[in-house]
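Have a look at the structure below, then the notes.
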Amino acid sequence: MKFYVIGDVTVDHLYHLDRLPAPGREVTPKRSTMQPGGSGGTISVTLARLGHTVTLAARVGDDPFAEYALAEIKASGVSLGAIQKDPEHLTSTITVMQTPGGQRAMISDGAANRQLDPAKLKKRDVESADALIISAYSLTEGPQREYARGAIEIARTAKKPVPVFIDLGTGAVEKVGTGLVAEVRGADYLTLNQHELLALTGTRSLSAGLAKLAEAGVERVAVKVGKMGSVVWTPEETELVDAVPPEGTVVDSTGAGDTFTAAFAHAVLSGLPLAQAARVANAAGALAATAVGAQSKPILAGDLERVAQTK
């Protein structure tokens, strides 16, 4: 299958700490590393490793970090035909501080990603895809937002409409708030976690949040609910899909949500019902968390096929 992905590529600086530092205090990490990351990059790499043809639309700076940010994207065979280079803005970086108890703080700079030039969007690239996947960070601000909006319009009005998957992120919701609902109502499939659902809809419960999305016209939702797994929702049904324990120890959750989204899209387009697709996605997200770095753990089709065949 062929996917067109719009999202960020970044260089992630990861710090594993016993505790997050208090204001004005200094802490020493238990482990630190630098890894390629970003929602668009991680979704693209995961889909390519699952055997799909993938084109990624993103923008990097004309700087040494650009090559590093694109390293796994290139290695996995993702097409770089829609990657843009920015002569003025730096390649995006993210600093992630994470504790063993699951606390996490991040410093994120959209940088070159937000400057993705909509004039370079090619209609035929979207129309020829089997699915369009958009990270909601692409819908927050700058030229990148117009690029993503344009791609959604092309997908929806194509002679053969292209299904649209939109994946939220905490930073995207915090930046735009409930106004982001207007941007994601064009999704055929929306993936997000429980915190993002409540912040996006301004509600206090999962059921109320899903009702708000229904009012906005969203009809298929997968909500990541941590150790419980995920909840799939349509106007006709709601189902809790249990988590799938990974083969290995969970060491880093960076990129696990993006891996979930990629595997969910893979499973849906493979013809699986939503609940089974969410189970496959649960397994992929858990596997991703057994390696340090968003793109470090290869998720292969065989891994997910075994999950799909189990009850």
Side-chain angles (χ1 to χ4, degrees), residues 6-8 39-40 42-43 102-106 108 132-141 145 148 152 163-244 253-265 267-268 273-286 288-289 294:
I6 302 172
D8 294 358
S39 54
T42 302
I43 290 169
Q103 286 186 303
R104 191 162 71 155
M106 302 173 67
S108 177
L132 170 66
I133 302 183
I134 295 177
S135 162
Y137 288 97
S138 304
L139 291 163
T140 60
E141 61 183 340
R145 178 168 58 185
I152 292 172
V164 178
F165 293 77
I166 296 181
D167 179 54
L168 262 72
T170 300
V173 179
E174 289 177 350
K175 181 178 285 291
V176 182
T178 56
L180 196 57
V181 171
E183 302 289 352
V184 304
R185 66 177 49 170
D188 295 289
Y189 301 89
L190 181 65
T191 58
L192 71 174
N193 66 35
Q194 187 171 0
H195 167 77
E196 293 159 358
L197 171 65
L198 302 184
L200 174 70
T201 58
T203 57
R204 295 185 177 182
S205 70
L206 192 149
S207 58
L210 290 171
K212 281 284 187 180
L213 290 181
E215 291 174 9
V218 180
E219 295 189 345
R220 302 178 193 90
V221 183
V223 185
K224 295 164 270 189
V225 289
K227 294 180 180 180
M228 291 190 296
S230 58
V231 174
V232 290
W233 174 89
T234 70
E236 293 77 34
E237 63 176 334
T238 303
E239 183 171 347
L240 173 64
V241 182
D242 291 337
V244 179
S253 62
T254 305
D258 301 322
T259 302
F260 174 101
T261 295
F264 181 73
V268 168
L274 284 187
Q276 191 70 353
R279 177 174 171 79
V280 167
N282 288 348

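Fair warning: this is a prediction, and the values are worked out from it, not measured in the lab.
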Got a second to check how far [X]'s [atom1] is from [Y]'s [atom2], nearest 0.5 Å?
X	Y	atom1	atom2	value
E183	I152	CD	CD1	7.5 Å
E237	L274	CD	CG	6.5 Å
E174	L200	CD	CG	12.5 Å
E219	E236	CD	CD	7.5 Å
L197	T203	CG	OG1	5.5 Å

Checklist entry - In a check of side chain to side chain contact (heavy atoms under 4.5 Å, CB included) between T201 and each of T178, L210, L213, which one passes? => result L213
Checklist entry - Do T261 side-chain atoms and G257 backbone N/O form a donor-acceptor pair below 3.5 Å? => result yes
Next on the checklist: Main chain of T234, side chain of R220: is a donor-acceptor contact present, judged purely on distance under 3.5 Å?
Outcome noted: no
Checklist entry - According to the salt bridge (Lys or Arg N to Asp or Glu O under 4.0 Å) rule, which pairs have a member within residues 193-216, sequence neighbours left out? => result none
Checklist entry - Any side-chain heavy atom of L192 sitting closer than 4.5 Å to one from V223? => result yes
Item to check | Within-4.5 Å side-chain heavy-atom neighbours: L139 and V176 | outcome: no
Checklist entry - Are V218 and V181 close enough, and set up right, to give a side-chain contact (heavy atoms from CB on, under 4.5 Å), and what steps lead you there? => result CA-CA 9 Å; V218 180; V181 171; over 6 Å; no
Heavy-atom closest contact ([X] atom, [Y] atom, distance):
X	Y	answer
A265	I133	CB-CD1, 3.7 Å
L168	L190	CD1-CD1, 3.3 Å
L198	L206	CD2-N, 4.0 Å
V268	A277	CG2-CB, 3.8 Å
I166	A136	CG2-CB, 4.3 Å
S39	Y137	OG-CD1, 4.2 Å

Checklist entry - According to the interplanar angle, ranging from 0 to 90°, do the rings of F165 and F264 count as parallel (below 30°), tilted (30 to 60°) or perpendicular (above 60°)? => result perpendicular
Next on the checklist: Between T191 and D167, do the side chains contain a donor N or O and an acceptor N or O under 3.5 Å apart?
Outcome noted: yes
